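See below for the structure under consideration.
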There are 2 protein chains.
Amino acid sequence: MDLESRKQLPLFSIGIVEKLTGLSARQIRYYEQHELVKPARSAGNQRLFSFVDVERLIQVSALLDEGLNMEGVKARMKRLVANETQDKKQSEPTDQQVFERMRQEMLEHPGGSGSSEFQGDLFRFYRKR
Amino acid sequence: MDLESRKQLPLFSIGIVEKLTGLSARQIRYYEQHELVKPARSAGNQRLFSFVDVERLIQVSALLDEGLNMEGVKARMKRLVANETQDKKQSEPTDQQVFERMRQEMLEHPGGSGSSEFQGDLFRFYRKR
DNA sequence: CGTCATATGTAATGTTTCCTTACATCAAGC
DNA sequence: GCTTGATGTAAGGAAACATTACATATGACG
């Protein structure tokens, strides 16, 4: 079995993942509800997390700390995964990809200069705190 | 945290270790009784195994398959651990160590030529099956 | 200011997994 | 045939986890 497979082995109970990530069980389940992780299940329906799951949860936690909300995290994670898989095919990004990154960057860090009527709407990606 | 510390993190419940090692919970607990592994415990007294523990259990399983019994496994494991730690200090074994290895080898694979009155006694290290 | 939505805490209740202890079994050797 | 060593299995209790529902804090926004 190669490293990639190992990292996807369902190994950890939610209690261990709490300690590994610093998140509460409530948070972990909430993020699962939003499909940010999809842990496997035991025969008795208990969650079993892989290394990949744990890494994702840590990423999610970091993005929340950056001020993003669930929807923002989802958007960013989707972009991250897309970049990862594409990075394996070709390291050089196409112009189209660069453009897309810029667009996303603006989406996630708005208020630079535009400040249009859509400004307020972008806050749907930011957390209230 | 370095790799060595990571490998000692108490991460796995006994159910997972059953799957990782192919051993039954009964076997794992029995080997623990014989101090072949010493898993950590949760606040609620449940066993928590590390990678090191899992590796040791797999070693134990292999040695049992070779025909050793508990006492034989203990002796061999003790020797393995001793060699590992000493290997970190010096790769070159001394003559004394080589001699000791030969002696252990003969102990574990008896009957080559000696066949003395002690022959039968050595079977205390072998399994009945 | 009051309301609303989001992220998280907490409590209730049932199920799964694990614990220890004890007894059963099976093979091998004497 | 009787031990002995390794493992299976059952019983009863405790820990960990599941789902669901309700509570709460905080910031946005009219």
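Source: prediction; values computed, not measured. Just the heavy atoms: all of them, side chains too, but no hydrogens, waters or symmetry mates, feed the values below. The chains referred to below are lettered A, B, ... by the order of the sequence lines, with proteins before strands, and numbering in each begins at 1.
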Apply salt bridge (charged side-chain N to carboxylate O under 4.0 Å, His left out) to A/K78 and list each qualifying residue two or more places apart in sequence or on a separate chain.
-> none
Whole angstrom is fine here: how far is it from OH in A/Y31 over to P in C/dG9?
-> 8 Å
Any protein N or O atoms within reach of nucleotides 11-17 of chain C? Criterion: under 3.5 Å, listing atom names and distances.
{"from": "C/dT17", "atom 1": "OP1", "to": "A/S42", "atom 2": "OG", "distance (Å)": "3.0"}
{"from": "C/dT17", "atom 1": "OP1", "to": "A/G44", "atom 2": "N", "distance (Å)": "3.2"}

Nearest to the side chain of A/L64, which nucleotide is it out of D/dT7, C/dT8, D/dT19?
-> C/dT8
What's the CZ-P distance between A/R29 and C/dG9, to the nearest Å?
-> 12 Å
Base, sugar-phosphate, or nothing for B/R47, non-hydrogen atoms under 4.0 angstrom?
-> sugar-phosphate
Side-chain N or O of A/Y30 closer than 4.0 Å to phosphate OP1/OP2 of C/dA7 = yes
Given that B/L48 and B/R26 both sit by DNA chain C, which one's nearest nucleotide is further toward the 5' end?
-> B/L48
Rounded to the nearest Å, what distance is computed from the CG atom of residue B/L63 to the P atom of nucleotide D/dA6?
-> 13 Å
Ion pair present between B/K7 and B/E55, side-chain N to carboxylate O less than 4.0 angstrom?
-> yes
In Å, rounded to the nearest 0.5 Å, how long is the span from CG of A/L36 to CD1 of A/I28?
-> 12.5 Å
Side chain of A/N69: nearest nucleotide among C/dA7, D/dA18, C/dG9?
-> C/dA7
Interatomic distance where NE2 belongs to A/H34 and P belongs to C/dA5 [whole Å] = 14 Å
Any sub-3.5 Å donor-acceptor pair from A/D53's side-chain atoms to A/S50's backbone N or O?
-> yes
Taken to the nearest whole Å, CD/B/E32 to C1'/D/dA6 is 16 Å
Separation of B/E32 CD from B/K38 NZ (nearest 0.5 Å) = 10.0 Å
A/Q27 atom CD is separated from D/dA18 atom P, nearest whole Å, by 15 Å
Just do the salt bridge (Lys or Arg N to Asp or Glu O under 4.0 Å) check on B/E66 and B/R76 with the steps written out, would you?
-> CA-CA 12 Å; B/E66 284 182 23; B/R76 179 80 82 88; 3.4 Å; yes
Distance, rounded to the nearest Å, where B/L23 contributes CG and D/dT7 contributes P | 8 Å
Report, one line per pair, each donor and acceptor closer than 3.5 Å where one atom sits in a side chain of residues 10-20 of chain A; sequence neighbours left out.
{"from": "A/E18", "atom 1": "OE1", "to": "A/A25", "atom 2": "N", "distance (Å)": "3.4"}

A/D65 atom CG is separated from C/dA7 atom C1', nearest whole Å, by 13 Å
